[in-house]
Amino acid sequence: MKWDKRDLLGLEQLTKDEIIFILDTADSFKEISTRAIKKVPTLRGKTAVLLFLEPSTRTRVSFELAAKRLSADMVNISASTSSMLKGESLRDTVRNIEAMKVDLVIMRHSMAGAPHRLAGEIEPGVINAGDGCHEHPTQALLDMFTIREKKGRLKGLKVAIIGDISHSRVARSNIWGLTKVGAEVVIAGPPTYIPPYIEKMGVKVKYRVEEAIKGVDVVMVLRIQRERQGKNLIPSLREYRKIFGINRDRLKIAKPDALIMHPGPVNRGIELDPDVADGPQSVILEQVTSGVAIRMAVMYLLSGVKSENPD
Amino acid sequence: MKILIKNGRVVDPANNLDEVRDILIEGDKISAVSKKIGEKIKIIDARGKLVLPGLIDMHVHLREPGREDEETIETGTSAAVHGGFTGIACMPNTTPPIDNAGIVEFILSQAEERGYIQVYPVGAITRGLAGEELSDIGELFSAGVAAISDDGEPVKDGDLMRRALEYARMFNLTVISHCEDKSLSSGGVMNEGFVSTLLGLQGIPQVAEEVAVARDIMLAEMTQSKLHIAHVSTAGSVELVRRAKERGISVSAETAPHYFTLTDEEVRSFSTNTRINPPLRTSLDVEAIKQGLKDGTIDVIATDHAPHTIVEKEMEFSSAPSGIIGLETSFSLVMSELVDEGVLTLREAVARMTVNPAGILGLNKGTLSPGADADITIVDPDAEYTVDAEKFFSKSKNSPFIGRKLKGIVETVIVRGKPVLENGKLR
């Protein structure tokens with residue numbers, strides 16, 4: 001398969017074959033991170049800008065390592081170190097990046113659609129590293145990569161996603177991706193966490209976690225955003241834990257070999273009990289490892305599109 | 001000066017007229033409308049054209065004073081006359097707001113000196129638009145406001161809205177309500193529905209508008225005052241107004257061209273020219289709006305012309321201000337989307353842009369009766385054009401209709417007997 005997309009904005013825009021192609025490409029990159037010298041010259045001479053206009057440590061570090069292991073040069077612009085803050089004209093941001101003559105822009109933004117607007121206006125490829133509550137494509141890809149690695153397949157698997165679906169870009173990207181490759185997705189949370197008409201995306205909706213995880217192969221637990229407390233979406237974290245928290249007893253309802261996944265960082269003892277988070281079914285740290293491989297694959301593929309069109 | 005408009009198809013809903021007629025203007029009044037008028041004077045041949053009472057837009061933001069970078073009375077009225085309007089009502093959310101006689105006088109004198117058409121200021125319901133105490137409504141009335149409204153913001157306090165309606169009755173002033181329950185809409189940037197779910201943008205549910213419409217209708221019934229609902233966008237609001245009218249409550253309603261042409265699907269582009277308040281709704285709402293226009297539940301088509309500079313609109317979707325311009329596309333959208341599509345007859349469409357808003361604002365306008373002010377709009381109903389941002393006369397370019405092919409070009413506009421626009425050019 002020949003890769004021809006310049007940007008990775010979301011999994012909504014990708015076909016099933018493109019998704020599988022990224023996962024396959026990541027397979028070959030994963031090995032690099034296990035070597036003594038974890039570096040290949042693949043992207044030597046290419047420059048990537050990490051434009052993180054919303055605080056993030058894990059995703060930024062993951063992209064940074066991916067870039068370094070591919071020998072790309074990399075510049076970090078984050079909200080705290082630059083004047084590019086929320087509210088600045090998007091056009092100014094765009095012009096600055098254009099002027100820097102870079103090959104790839106990896107953008108994290110607190111508002112949905114910001115990378116899409118950027119991609120429409122600049123020459124370098126754009127990777128969406130999370131835009132508001134919209135999409136987080138590399139997270140979903142690394143989740144799918146991890147599932148495929150552990151289960152040997154994606155098609156026909158049952159995946160439950162538990163939590164605040166309404167405000168989750170991780171959930172949206174996973175729903176796009178998993179349904180495209182033929183997995184069955186059920187989402188669960190209190191109705192205040194379920195956005196309207198989500199079933200039109202091809203998922204089942206359950207309000208009881210026990211029904212949602214019954215017999216599933218994967219339990220994907222979303223982080224409860226403490227900063228949303230006070231918006232009356234749930235009465236208390238305590239009650240959420242009681243009704244939706246994944247503990248050892250509840251986990252028995254899923255398949256015995258069901259995977260426990262979480263995009264991190266885990267609120268231990270709220271959405272996930274510590275003994276489950278650290279238990280034998282948890283693949284939370286494998287997700288982090290997969291993340292570097294996925295991001296290497298994506299950067300590699302997108303850079304290729306550029307280099308085939310020399311000036 | 002005398003002007004004779006000959007051979008045009010004269011559509012004057014106020015007189016149940018839709019026939020080829022000649023119109024004679026003497027001074028600032030219409031002096032005769034009849035089958036054949038022969039006089040040696042300035043003659044406008046309107047063969048094949050529509051001759052309409054001057055269009056009236058009862059919902060415009062002119063931004064002056066305060067935001068002259070977005071629009072001025074001069075540029076806004078220029079945009080309006082190019083769109084076929086001879087009169088527009090301007091909303092009070094300027095800086096400072098239209099909450100005292102001085103600002104009303106300023107706007108009227110600016111309009112007189114630099115404007116191209118008639119401007120009818122709408123006064124603020126509450127002082128400073130703060131929603132806390134009534135503005136000096138009597139003083140505003142004496143200074144010449146056509147209605148009162150806190151448009152842009154709802155009057156949150158139910159008792160204050162009640163008192164405004166009661167007090168305005170003394171002057172027979174219409175209270176124009178921006179219906180929005182902020183506790184339900186706060187933080188939202190688009191319609192709440194499947195598209196907001198896909199985009200991860202916070203939604204504004206239809207009920208945020210509808211509960212406010214319901215409250216104000218009940219207050220209008222209680223106070224026996226004249227209520228006008230601004231920018232109706234949902235099927236539920238249409239139904240509430242319809243039932244209120246059936247029960248004889250004195251309520252009127254307007255919608256804007258974007259609410260019968262566009263849906264929330266447009267937001268998928270993340271174009272900030274699709275960020276509007278109330279937001280673009282679903283196709284079901286669009287159908288209900290059309291039905292409401294057809295059966296007369298919705299009396300008026302107004303633009304809610306809301307200019308914003310390129311700088312303001314070049315933000316991320318969620319941080320861009322709400323609103324689009326509409327004066328220059330309104331009539332051709334009505335022609336293309338309502339009249340050509342058979343939703344409204346030409347007569348119904350013209351009534352919603354002339355005699356109906358005039359009645360709500362208490363203006364002796366919107367008709368071609370002999371003796372009426374000679375405000376006349378002549379359009380070529382069949383001419384087509386493509387909306388071009390570079391050709392807007394508005395100072396702002398924030399239109400979601402750029403690039404759209406539309407029908408109906410405004411050729412001549414006569415304001416109180418004076419041709420202001422001729423063959424599409426300002427005189």
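All chains are named by letter (A, B, ...) in the order of the sequence lines, taking the proteins before the strands, and each is independently numbered beginning at 1.
- Neither the backbone nor the side chain of A/R169 has a heavy atom closer than 4.5 Å to any heavy atom of chain B.
- When heavy atoms are compared at a cutoff of 4.5 Å, A/E12 approaches chain B solely by way of its side chain, counted from C-beta outward.
- Dense packing is recorded around CZ of B/R268, with more than 12 heavy atoms of other residues, nucleotides or ligands lying under 6.0 Å away.
- In the displayed structure, B/K313 atom NZ is contacted under 6.0 Å by more than 12 heavy atoms of other residues, nucleotides or ligands.
- One finds the CD atom of A/E199 at 8.5 Å from the CZ atom of B/F194 (value rounded to the nearest 0.5 Å).
- Inspection of non-hydrogen atoms places B/S196, B/T197, B/L198, B/L199, B/G200, B/L201, B/Q202 of residues 195-208 of chain B under 4.5 Å from chain A.
- In this structure the side chain of A/H109 reaches within 4.5 angstrom of the side chain of B/E316, judged on heavy atoms.
- Counting non-hydrogen atoms of other residues, nucleotides and ligands closer than 6.0 Å to CE of A/M201 gives a total above 12.
- Aromatic ring centres of A/H116 and B/F317 lie farther apart than the 6.0 Å criterion allows.
- Side-chain N or O atoms of A/R117 include one that pairs as donor or acceptor with a backbone N or O of B/M315 at under 3.5 Å.
- No more than 12 heavy atoms of other residues, nucleotides or ligands sit less than 6.0 Å from atom OH of A/Y197.
- Counting heavy atoms of neighbouring residues, nucleotides and ligands inside a 6.0 Å radius, atom NZ of B/K182 exceeds 12 of them.
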